[in-house]
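All of these numbers come straight from a predicted model, not from anything done at the bench.
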Amino acid sequence: MNTPLFNTTLSFGKLKAHAKTASAWQMRNLFAGETNRFGSLSVSAAGLFLDYSKNRMTGDTVSLLMELARECRVEEKREAMFNGAEFNNTEHRAVLHTALRTPKSETVLFEGQNVIPDIHAVLERVEAFTRRIHSGDWTGYTGERITDVINIGIGGSDLGPHMVCRALRPWQRDDIRVHFVSNVDGHDLDAVLQKIRPESSLFIVASKTFTTLETMLNANTARNWFLKSGTEAGLPKHFVAISTNAEAVSAFGIHTDNMFPFWDWVGGRYSVWSAIGLSVALAVGYDHFAAFLAGAYAMDTHFRHAALEVNMPVILALVGIWNRNFLDYPSVSIAPYLQDLSHFPSYLQQLEMESNGKRVTKAGEPVTWHTSPVVWGNVGTNGQHAYFQLLHQGTDITPIDFITALKPSHTLPGHHAALLANCFAQSEALMLGKTADEVRADLQAQNMAPDEIEFQIPHRTFPGNRPTNTILMNSLRPESLGALVALYEHKTFVQGAIWDVNPFDQWGVELGKVLARTIQAELESDVSHNHDSSTAGLIQLAKAALK
């Protein structure tokens with residue numbers, strides 16, 4: 001598929017010239033001059049609503065961005081991905097995570113074979129296992145019911161299911177507690193082991209190869225902890241695996257009947273829809289997990305078939321391209337005004353930065369344009385009292401995605417109106433700002449002395465003109481969460497397609513892991529290797545402390 005490079009397209013040049021004009025725009029003036037700005041710069045899909053009107057852009061900007069998407073052949077690349085093309089070209093793999101949430105009645109071909117029956121065979125095993133745990137049919141080695149589930153994984157095997165379980169807190173069962181352990185730091189696992197009993201605990205070891213360093217260290221420590229009370233014969237009742245390495249799983253002591261597979265065409269950060277979601281099903285019930293999949297499929301259908309001009313993932317991606325590449329904003333803040341989405345910014349950090357944090361094109365040539373921005377954030381209203389000062393008056397401009405639900409899942413009076421008021425007010429304040437004349441008028445109304453007013457004005461002036469998106473759902477439910485996650489997956493894909501990078505590999509993760517093995521051997525023995533003076537000095541300090 002011969003595609004012109006991002007910065008060689010005709011639309012790139014047009015957008016560069018357009019951005020010079022846009023740099024002088026004030027959004028408050030754009031709103032004043034466009035009576036239907038909100039209506040023309042918003043879109044609905046799969047139960048979500050996106051308002052992107054509070055960006056420094058016009059209908060002409062959108063038209064030019066659509067030209068860019070078409071010149072970069074986003075539509076053809078999108079269809080190739082859905083059809084199982086080798087989109088991950090460095091690992092020679094297809095990218096078919098969308099198939100994981102496709103209904104059983106559909107057909108998705110990979111190398112001439114329909115993968116849907118295999119996918120649903122695994123989902124049916126997840127469902128059957130979940131119902132056995134919930135019914136009490138599956139018990140521990142002493143005959144006790146399982147009360148605690150501990151998911152041991154890292155990266156996509158942790159961030160996805162952890163985020164979803166937290167987001168679906170209102171649907172969590174009272175009789176199952178789900179814990180997540182990912183960090184190689186023993187304090188992470190130790191904190192969980194202090195809360196559970198071996199007789200009633202089930203460990204899910206999530207590692208495709210069953211060799212992931214952090215995961216297997218934690219899994220083996222958990223195994224040893226269990227064996228202080230139980231026996232090796234009891235291990236299969238308390239450990240299950242999500243993996244493809246049957247030999248290693250069996251050697252660990254897990255019966256391969258309790259191994260849930262997934263496929264090479266499922267990337268880790270796109271895997272929560274697979275057996276990696278077992279912890280989600282156990283936490284909230286399989287029916288709610290199925291609704292989560294259905295919500296994602298609804299967004300898949302919209303993304304695949306909707307025209308670019310009304311395509312929510314495409315629009316969200318192009319707004320990001322505009323802000324990153326043409327207005328030169330280096331980061332994006334994610335601000336969910338929903339406490340249950342507290343882990344969503346961390347999830348998006350991996351999804352976007354591990355996917356598109358690349359410095360070479362798919363052909364291996366250095367890029368000469370910015371790729372992924374830094375993604376960061378926290379829940380509102382906490383963020384308002386932490387870093388929103390910088391967002392309003394700092395020297396860098398940071399676009400923000402506000403995410404909230406119109407209805408709460410609780411019945412506490414007054415709270416949700418206050419939450420929504422803060423969410424909407426922040427986006428309005430970031431857009432409008434506050435001029436020196438407005439500050440002066442406010443302080444004069446407070447009868448402040450004229451000299452003090454002039455001193456205070458620069459400190460209380462807000463430049464405004466700071467871009468935001470607002471994503472709304474009616475309520476945070478399994479299906480709306482599925483649509484939200486799929487929205488950002490497809491946004492990430494579109495941006496990777498335009499930047500001509502591979503969003504589905506992560507070689508940048510590997511170098512530090514390789515060096516860590518060498519250093520760990522030095523910390524645990526008298527072996528030494530050549531290092532720079534800093535690294536060598538740090539190793540010696542650690543060895544002295546560990547003696």
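In this structure, R131 pairs ionically with D287, as a charged nitrogen and a carboxylate oxygen lie closer than 4.0 Å. Salt-bridge formation is detected for the pair R169/D340: a Lys NZ or Arg NE/NH1/NH2 atom is positioned less than 4.0 Å from an Asp or Glu carboxylate oxygen. Using a 4.0 Å cut-off between charged side-chain N and carboxylate O, K358 and D505 make a salt bridge.
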Could you walk me through whether W376 and Y387 pass ring pair (Phe, Tyr, Trp, His ring centres under 6.0 Å), step by step?
CA-CA 11 Å; W376 59 282; Y387 54 81; 4.7 Å; yes

Audit row: R145, E199, salt bridge (charged side-chain N to carboxylate O under 4.0 Å, His left out) steps and yes/no:
CA-CA 8 Å; R145 292 179 66 129; E199 297 85 355; over 6 Å; no

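Using modelled atom types, one finds a donor on one side chain and an acceptor on the other under 3.5 Å when comparing Q384 with N422. In summary, the side chains of Y270 and S355 do present a donor paired with an acceptor at a separation below 3.5 Å, with no hydrogens or angles considered. Donor-acceptor pairing under 3.5 Å is lacking for the side chains of H490 and N311. Judged by distance alone, the side chains of Y488 and D401 do bring a donor and an acceptor atom under 3.5 Å apart. No side-chain donor-acceptor contact under 3.5 Å links T215 and S207. Side-chain polar atoms of N469 and D51 form no donor-acceptor pair below 3.5 angstrom. Under the 3.5 Å distance criterion, with hydrogens and angles disregarded, no donor-acceptor pair is assigned to the side chains of T147 and R177. If you check the side chains of H179 and D148, you find a donor sitting under 3.5 Å from an acceptor.
A donor-acceptor pair is defined here as one N or O able to donate and one able to accept, closer than 3.5 Å; such a pair exists between the side chain of T404 and the backbone of Y337. At distances below 3.5 Å, at least one donor-acceptor pair connects side-chain atoms of N245 with backbone N or O atoms of A248. In this structure a side-chain-to-backbone donor-acceptor pair under 3.5 Å is present from H238 to Y141. In this structure, the side chain of K208 engages the main chain of V266 through a donor-acceptor pair within 3.5 Å. For the pair S200 (side chain) and I196 (backbone), a donor-acceptor distance under 3.5 Å is absent. Without hydrogens or angle criteria, R304 side chain to E79 main chain gives no donor-acceptor distance under 3.5 Å. Panel note: side chain R73, backbone I498; no donor-acceptor pair is recorded below 3.5 Å. The main-chain N or O of V501 is never found under 3.5 Å from a side-chain atom of K362 such that the two would form a donor-acceptor pair. A donor-acceptor pair under 3.5 Å links the side-chain atoms of N114 to the main chain of V108, judged by distance alone. A distance-only check finds a donor-acceptor pair linking the side chain of S135 to the backbone of R132 [under 3.5 Å].
By the neighbour-count criterion of 12 heavy atoms within 6.0 Å, atom CD of Q113 is sparsely surrounded, having that number or fewer from other residues, nucleotides or ligands. Shown here is H410, whose NE2 atom has more than 12 heavy atoms of other residues, nucleotides or ligands within 6.0 Å. K407 NZ: 12 or fewer foreign heavy atoms inside a 6.0 Å radius. Residue-environment remark: CD (E247) stays at or below the threshold of 12 foreign heavy atoms within 6.0 Å.
Applying the ring-ring contact (aromatic ring centres under 6.0 Å, His included) test to pairs two or more places apart or on separate chains, those with a residue in residues 111-136 are F129-W138, F129-F260.
The heavy-atom pair separating S409 from P170 by the smallest distance is OG-CG, 3.4 Å. Of all heavy-atom pairs spanning I315 and L50, the tightest one is CG2-CD2, 4.1 Å. Of all heavy-atom pairs between S331 and P373, the closest is CA-CB, 3.9 Å. Contact between Y52 and S42 at its shortest, heavy atoms only, is CE2-N, 3.5 Å.
Atom OG of S182 and atom CG of D158 lie 4.0 Å apart (nearest 0.5 Å). Atom CG of D190 sits about 11.0 Å away from atom CG of N218, to the nearest 0.5 Å. Atom OG of residue S250 and atom NE2 of residue H255 lie 8.0 Å apart, to the nearest 0.5 angstrom. Residue E232 holds its CD atom at 10.0 Å from CZ of F226, rounded to the nearest 0.5 Å.
Contact annotation: the side chain of F203 approaches that of W225 to within less than 4.5 Å [non-hydrogen atoms, C-beta and beyond]. In this structure the side chain of V249 never reaches within 4.5 angstrom of the side chain of N258, judged on heavy atoms. Looking at heavy atoms from C-beta onward, D500 lies out of side-chain contact with T3 at the 4.5 angstrom threshold.
Cation-pi geometry between R78 and F303 is met: under 6.0 angstrom from the ring centre, within 45 degrees of the axis. By the 6.0 Å and 45° rule, R101 stacks over the aromatic ring of W273.
In this view, T211 and T209 satisfy the side-chain contact (heavy atoms from CB on, under 4.5 Å) rule, not counting sequence neighbours.
The aromatic rings of F504 and H97 sit tilted, their planes meeting at an angle between 30° and 60°.
A side-chain hydrogen bond (donor to acceptor under 3.5 Å, both in side chains) with R269 holds for exactly one of Q350, Q349, E354; it is E354.
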